[in-house]
Peer 1: 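Input: one structure, supplied below.
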Amino acid sequence: MSEQTLDEWQILLLQKKAELEACQTEHHVTSCLKCDKLLECETRDSYIKAVYDSMSKGKGGGFEF
């Protein structure tokens, strides 16, 4: 089995995922969609940004809804 090396974007993504999961646990939800703070949540927004940054390795533009 080969060892996978994580780049800085993947490490940040894992950190943001852990923060998001901790927030969901704190608010007793299994999904952000079940949270009443969905549209104004900085934790979720930073996680989404980390997802797109990890895919583009920080070289792409932002993703706007």
Side-chain angles (χ1 to χ4, degrees):
M1 183 180 287
S2 65
E3 188 176 313
Q4 181 183 10
T5 304
L6 300 178
D7 62 30
E8 64 185 289
W9 307 106
Q10 293 166 316
I11 292 168
L12 182 62
L13 177 59
L14 291 175
Q15 291 170 342
K16 294 300 180 181
K17 181 181 179 193
E19 290 174 16
L20 184 75
E21 289 172 342
C23 183
Q24 289 174 346
T25 299
E26 179 182 333
H27 289 92
H28 307 290
V29 296
T30 56
S31 168
C32 291
L33 297 176
K34 297 177 182 179
C35 183
D36 60 350
K37 298 177 182 179
L38 172 70
L39 298 178
E40 54 201 41
C41 182
E42 290 181 27
T43 303
R44 182 176 180 270
D45 290 345
S46 67
Y47 171 72
I48 291 170
K49 183 178 181 326
V51 169
Y52 287 103
D53 286 347
S54 74
M55 292 189 310
S56 67
K57 305 298 182 202
K59 294 180 183 178
F63 184 85
E64 302 294 327
F65 288 98

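For clarity, every value in this text was computed on a predicted model and none was experimentally measured.
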Peer 1: D45: what forms a salt bridge (Lys or Arg N to Asp or Glu O under 4.0 Å) with it, not counting sequence neighbours?
Peer 2: none
Peer 1: Is L12 isolated, or which residues cluster with it under the ILVMFWY side-chain rule of less than 4.5 Å, directly or via members?
Peer 2: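 Result for L12 is none, singleton.
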Peer 1: Which residues pass the side-chain contact (heavy atoms from CB on, under 4.5 Å) test with L38, sequence neighbours left out?
Peer 2: C32, L33, R44
Peer 1: How long is the span from the SG atom in C41 to the CG atom in D36, to the nearest 0.5 Å?
Peer 2: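 Taking SG in C41 and CG in D36, the distance rounds to 10.5 Å.
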Peer 1: May I ask you to decide if K37's main-chain N or O and E40's side chain share a donor-acceptor pair within less than 3.5 Å?
Peer 2: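 Judged by distance alone, no pair lies under 3.5 Å.
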Peer 1: Rounded to the nearest 0.5 Å, what separation is found between the NZ atom of K16 and the CG atom of L13?
Peer 2: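 The distance works out to 10.5 Å.
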Peer 1: Using the test salt bridge (Lys or Arg N to Asp or Glu O under 4.0 Å), find all partners of K49 that sit at least two apart in sequence or belong to another chain.
Peer 2: D53
Peer 1: For T30 and K34, which heavy atoms make the closest approach, and how far apart are they?
Peer 2: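 Residues T30 and K34, closest heavy atoms: OG1-NZ, 3.2 Å.
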Peer 1: List for me each residue that meets salt bridge (Lys or Arg N to Asp or Glu O under 4.0 Å) alongside E8, sequence neighbours excluded, and say none if there are none.
Peer 2: none
Peer 1: Let me have the donor-acceptor pairs involving side chains of residues 17-27, under 3.5 Å, with sequence neighbours excluded, atom names and distances please.
Peer 2:
from: T25; atom 1: OG1; to: E21; atom 2: O; distance (Å): 3.0
from: H27; atom 1: ND1; to: C23; atom 2: O; distance (Å): 3.0

